[in-house]
There are 2 protein chains.
Amino acid sequence: MRTLKYAILGLVNRRSMTGYDISKEFGEELINFWSAKHSQIYPELKKLLDEGLVEYKIEITGDVLEKKVYTVTEKGRKDFLVWLEKDEKLEPPPKDQFRLRSYFSQLMEPSVYQKLLESQLDQRRKKLAKLNRLFLQYQQVPPFGSDKFGDYSVLAGARFREAAYIEWLELCLEAVKAEIKEKEK
Amino acid sequence: MRTLKYAILGLVNRRSMTGYDISKEFGEELINFWSAKHSQIYPELKKLLDEGLVEYKIEITGDVLEKKVYTVTEKGRKDFLVWLEKDEKLEPPPKDQFRLRSYFSQLMEPSVYQKLLESQLDQRRKKLAKLNRLFLQYQQVPPFGSDKFGDYSVLAGARFREAAYIEWLELCLEAVKAEIKEKEK
DNA sequence: TTAGTATTGTCCTTAAGGTTAAATAAGATT
DNA sequence: AATCTTATTTAACCTTAAGGACAATACTAA
């Protein structure tokens, strides 16, 4: 369903930007639920251009470096809004390699699985701590309609998600530890 | 990293099965964190065969219908175990269309976003209820190493995930409702 | 002057997923 | 007994998504 199309359209709708800027955006807040390499972005921008959904002006940085600054067209804005307001069915649950490993975990030595779990936990906790630090910026929920609401909302969502993942890992870890104790008897 | 390869190898390692059986497995517990269409499975099986990681025997159903029953080879089992025990860095967060919409939600009328949120909530709650029903089967945590541990673990994980998603949706809904009330004044 | 950042792009491979086709089997119905 | 439906089984074909590798040039600040 070409979702990248709408991610880009949405970003360019906020403010004019270059392909490089878009690329950077995917490395900031968006990274918690969307990403794309520049090798996807540039071809997609070209496509949007062909479809008349965006247009660009060339700006010169320094002496010669040409930047293509993209702006959304009226057609593009409409197209984006139609997508934005669409009520869709749930997507299939995301693929998750670690869950796949856990599904087959009985084939490992408990101590090996324990190590994997601890490594995951460590990484997830660090990630959550980072999200929490970002979250501190918000003294209160920014009002819906304000610039900050989107950022706040997805950040809050990412925190819930990570916290839930950690809960799950802890549960698994408990079970493995119990097993190891059992064995020692 | 050809994760489908390992998903299939893991399944076939449990018990011999046909492509069709594998296909069905992806529609059951696995569906909470992995899936694949048969149009991916058959080519992958052929590849695994070429690599000597699986082999098959033909069984006849009825008079003529040939079933290819796949079994993992020793080489395949080793390959699978190496993957299984690998400690990997976190994957990038999964793409999520609804989060993307939320990120841009300020561009919608609050009432429109409210409808979207309520629809998502409805669907997620139904899904969680289904997971909870399945979860009732387990009186207690099955011991690690037992057949059921994998099933239990990923089911528990799916419950945490859905519950967290619902929490997030509720938080968003609160914010939008507050905004609507504010406006009415 | 050199290292790092900015900027735009192509090419190639694999992964993913949808559509269609085609044949047989098994069970239910008329 | 004939027929209808649903499940089983394998497979080709096509499109999009994703991500890594390669390439080239320009600007900025230490």
Side-chain angles (χ1 to χ4, degrees), chain A residues 1-8 12 16-28 30-31 33-51 54 56-70 89 91-97 100, chain B residues 1-9 11-12 16-28 30-31 33-51 54 56-70 83 88-89 91-97 100:
Chain A
M1 31 216 64
R2 272 183 80 196
T3 315
L4 178 58
K5 166 181 168 182
Y6 298 104
I8 292 180
V12 177
S16 300
M17 59 206 311
T18 67
Y20 190 78
D21 293 330
I22 293 169
S23 215
K24 270 189 305 178
E25 289 284 333
F26 282 116
E28 294 171 22
L30 262 88
I31 204 164
F33 58 94
W34 210 269
S35 69
K37 306 273 162 186
H38 73 288
S39 55
Q40 273 180 276
I41 294 168
Y42 288 110
E44 188 64 38
L45 275 171
K46 197 182 277 175
K47 216 170 175 185
L48 294 177
L49 193 68
D50 290 345
E51 295 168 334
V54 297
Y56 70 86
K57 281 180 196 158
I58 288 183
E59 275 185 16
I60 305 285
T61 310
D63 287 332
V64 252
L65 214 189
E66 297 191 344
K67 291 205 284 186
K68 293 183 183 172
V69 184
Y70 287 88
K89 268 190 288 182
E91 297 175 85
K95 304 204 162 166
D96 183 329
Q97 265 205 62
L100 190 59
Chain B
M1 34 214 63
R2 271 184 82 195
T3 316
L4 178 59
K5 166 181 168 181
Y6 298 103
I8 292 180
L9 237 32
L11 287 175
V12 176
S16 300
M17 57 207 311
T18 67
Y20 188 79
D21 292 330
I22 293 170
S23 213
K24 270 189 303 177
E25 288 285 334
F26 283 118
E28 295 172 20
L30 262 89
I31 205 164
F33 58 94
W34 210 270
S35 69
K37 304 276 160 185
H38 69 292
S39 56
Q40 279 178 268
I41 294 168
Y42 288 108
E44 189 63 39
L45 276 171
K46 197 179 279 174
K47 216 170 172 184
L48 294 177
L49 193 67
D50 291 345
E51 296 168 335
V54 297
Y56 69 85
K57 282 182 195 157
I58 289 182
E59 276 185 16
I60 305 286
T61 310
D63 287 332
V64 254
L65 213 189
E66 298 189 345
K67 289 205 286 188
K68 293 182 183 170
V69 184
Y70 288 88
W83 170 83
E88 290 193 272
K89 269 190 289 185
E91 296 175 86
K95 305 204 162 165
D96 183 329
Q97 265 205 62
L100 190 59

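Here is the naming used below: chain letters follow the sequence lines, and residue numbers restart at 1 for every chain.
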Identify which nucleotide among C/dA16, C/dG9, D/dT10 has an atom closest to any side-chain atom of A/Lys68, counting heavy atoms from C-beta outward.
-> C/dG9

Closest contact, heavy atoms only, B/Ile31 versus A/Pro93 | O-CG, 3.4 Å

Value in whole Å for how far the P atom of D/dT9 lies from NZ of B/Lys57 = 18 Å

So, the side chain of B/Asp50 versus the backbone of B/Lys47: is there a donor-acceptor pair under 3.5 Å, distance only?
-> no

Could you go through the side-chain contact (heavy atoms from CB on, under 4.5 Å) check for B/Trp34 and B/Thr3 one step at a time?
-> CA-CA 10 Å; B/Trp34 210 270; B/Thr3 316; 3.5 Å; yes

From the list D/dA26, D/dA18, C/dG18, which nucleotide is the closest neighbour of the side chain of B/Lys37?
-> C/dG18

Take atom CG of A/Asp21 and atom P of C/dT8, then tell me their distance rounded to the nearest Å.
-> 8 Å

Rounded distance (Å) that lies between atom C1' of D/dG19 and atom CD of B/Glu91 = 14 Å

Hey, does B/Thr3 reach any base, or is it just sugar-phosphate, or nothing, if we go heavy atoms under 4.0 Å?
-> nothing

Hey, does the side chain of B/Tyr42 come within less than 4.0 Å of D/dA11's phosphate (OP1/OP2), counting only N and O?
-> no

B/Lys47 has a side chain; which of D/dA11, D/dA26, C/dA15 sits nearest to it?
-> C/dA15

Ignoring backbone atoms, test whether A/Tyr20 places a side-chain nitrogen or oxygen under 4.0 Å from the OP1 or OP2 oxygen of C/dT8.
-> no

Please tell me which of the listed nucleotides, D/dA7, C/dA16, C/dT8, lies nearest to the side chain of B/Leu4?
-> C/dA16

Select one nucleotide: of D/dA18, D/dT9, C/dG9, the one nearest the side-chain heavy atoms of A/Gln40.
-> D/dA18

Considering all heavy atoms, the nearest B/Gly19-B/Leu45 contact | CA-CD1, 3.7 Å

Show your working on side-chain contact (heavy atoms from CB on, under 4.5 Å) between B/Leu48 and B/Tyr56 and close with a plain yes or no.
-> CA-CA 11 Å; B/Leu48 294 177; B/Tyr56 69 85; over 6 Å; no

Report which part of the nucleic acid B/Lys46 touches: base, sugar-phosphate, or nothing (heavy-atom distance under 4.0 Å, all strands).
-> sugar-phosphate

Expressed in angstrom and rounded to an integer, what is the separation of A/Leu45 atom CG from D/dA17 atom P?
-> 14 Å

D/dG20 base to A/Ser39 side chain: any donor-acceptor pair below 3.5 Å?
-> yes

For the pair made of NZ in B/Lys67 and P in C/dA23, what is the distance, rounded to whole Å?
-> 21 Å

Starting at the 5' end of DNA chain C and moving along, which residue's nearest nucleotide shows up first, A/Pro43 or A/Leu65?
-> A/Leu65

Atom-to-atom span, CE of A/Met1 to C1' of D/dT16 - whole angstrom | 11 Å

When you measure from the side chain of A/His38, which nucleotide among C/dA6, C/dG17, C/dT10 comes out closest?
-> C/dT10

Can you figure out which of D/dT16, D/dA12, D/dC27 approaches the side chain of A/Arg2 most closely?
-> D/dT16

A/Ile41 CD1 to D/dG20 P, in whole Å, measures 13 Å

May I ask you to say whether B/Lys95 pairs ionically with A/Glu91, meaning some side-chain N is under 4.0 Å from a carboxylate O?
-> no

Just checking B/Lys95: base, sugar-phosphate only, or nothing, at a heavy-atom cut-off of under 4.0 Å?
-> sugar-phosphate

Atom CD1 of A/Ile60 to atom C1' of C/dT8: distance rounded to whole Å?
-> 13 Å

